[in-house]
Amino acid sequence: MITTVTVNTAIDKTYIVENFGPGGVFRVQRVMAQAGGKGLNVARVVKAFGEEVVATGFIGGYNGRFIEESLAAEGIKGDFVHVSGESRICLNILDTAGKTQTELLEPGPEVTFEEGERLKEKIKFLARQSQVVTMSGSLACGLMPDFYSHLIEVAHKEGAKVILDTSARALKEGLKARPFMVKPNLQEAEALTGKSLAEEKAQYDFLEEMIETGVEVAVLSLGEAGALIRTREAFFKIIPPRVVAVNTVGCGDSFVAGFAVALARDDSLLTAAKLATAVATASATSLGTGECKIELVEKLMLQLEVYDISSHNCLYKKGFR
Ligand SMILES: Nc1ncnc2c1ncn2[C@@H]1O[C@H](COP(=O)(O)OP(=O)(O)O)[C@@H](O)[C@H]1O
Ligand SMILES: O=P(O)(O)OC[C@H]1O[C@](O)(COP(=O)(O)O)[C@@H](O)[C@@H]1O
């Protein structure tokens, strides 16, 4: 089983707005609303692969009710801690004409110490039955920056592998509990180190630093350029084929989901890295946040460029890039 933890759940609203920009009045052409926040996107993709998944986290208010009902309608099992505050809305404004994407992320509700303790208890129970626990996204207000560290310790004690996908101080503090895997994107990694990671050498050094902190798998995701995946023994770069990107919100979540599925199936590191990249790339091509079409994933798996960086070898390269 895979448990996905979303501390700051959300209604992910997508607005399609032509020629959007700051300071004007715009008519929205199309509105879509989904249960969201990173971990719920992970759960959606895991479910598409037919793996058993339970989504947990904090949920509250009218928005919380919408989130729970949407998940139930999608057939995703939820086991949440209910809080007195209101779950947030995250807006993704897609301008199909101007080809821009703008995200507005609300901070989320205030969560009390007692509510935090209840989530720890729940994770203890769920991690006992899970091979993998994913922990994704920002922390809700009121929680200490080391909140993920405590959750990771609880999951580790129950024998689960933890994938941590967060940013800023929550990532810095979370690393201290040595999660099995971390997956910052380039921006998040630069914010963590305070350095530019534009150069390949800087990216390699960053992954080495992550491994030195004690994580087993360090991933740096690079948008359309793919991802670098490093352990103490292995180091791969996976580059996806060029695709027409429609909505890249949720790509990182799809990457985490693909990796979690492979880990739960006991696949090799290389298979996990390829599956994660293919799932994330497929997600970029659909309008829904973190949507996943298995047939497309299977097709993309055969079109990835794979480099073994530790031996300077190209394992698979197709002629179409
Ligand atoms: N425009 C794109 N084209 C193809 N694949 C993409 C694109 N954007 C993202 N991806 C895929 O999604 C993964 C995660 O994307 P990235 O932007 O690095 O993370 P995040 O969504 O967390 O910001 C990438 O490693 C890649 O596989
Ligand atoms: O918890 P955070 O960091 O505020 O992020 C929330 C938002 O991230 C998203 O999951 C997208 O994340 P990715 O594009 O990194 O996968 C949105 O769906 C969501 O509302």
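Ligands are counted one by one from 1 in listed order, and the atoms in each one are counted from 1 as well.
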With heavy-atom distances below 4.0 Å as the criterion, list the atoms of ligand 1 near [X].
| X | result |
| --- | --- |
| Val243 | 3 (N), 4 (C) |
| Asn185 | 18 (O), 19 (O), 20 (P), 22 (O), 23 (O) |
| Gly226 | 24 (C), 25 (O) |
| Thr277 | 27 (O) |
| Ala245 | 1 (N) |
| Lys183 | 19 (O), 22 (O) |

Task: Check: Tyr307 ring centre within less than 6.0 Å of Phe235 ring centre - done: no

Task: Smallest separation among heavy atoms of Pro145 and Glu173, with atom names - done: O-CB, 3.4 Å

TODO: Kindly confirm or rule out an N or O of Gly252 lying under 3.5 angstrom from an N or O of ligand 1.
DONE: yes

Check whether [X] reaches the backbone of [Y] with its side chain - one donor and one acceptor, N or O, closer than 3.5 Å.
| X | Y | result |
| --- | --- | --- |
| Ser254 | Ala280 | no |
| Asp12 | Gly36 | no |
| Thr281 | Thr277 | yes |

TODO: Considering only non-hydrogen protein atoms, determine which one is nearest to atom 17 (O) of ligand 1 and report residue, atom name and distance to 0.1 Å.
DONE: Gly223 CA, 3.6 Å

TODO: Please determine if Arg232 and Glu212 form a salt bridge, counting it only when a charged side-chain N lies under 4.0 Å from a carboxylate O.
DONE: yes

Task: Protein residues that have a heavy atom under 4.0 Å from any atom of ligand 2, sorted by chain and number - done: Asp12, Gly37, Lys38, Asn41, Arg88, Cys90, Leu105, Gly137, Ser138, Thr248, Val249, Gly250, Cys251, Gly252, Asp253, Thr289

Task: Any pair counted as side-chain hydrogen bond (donor to acceptor under 3.5 Å, both in side chains), so long as it reaches residues 108-117, sequence neighbours left out - done: Thr112-Glu115, Glu117-Lys120

Open item on the list: Counting only heavy atoms from other residues, nucleotides and ligands, does the tally under 6.0 Å from CZ of Arg169 exceed 12?
Closed with: no

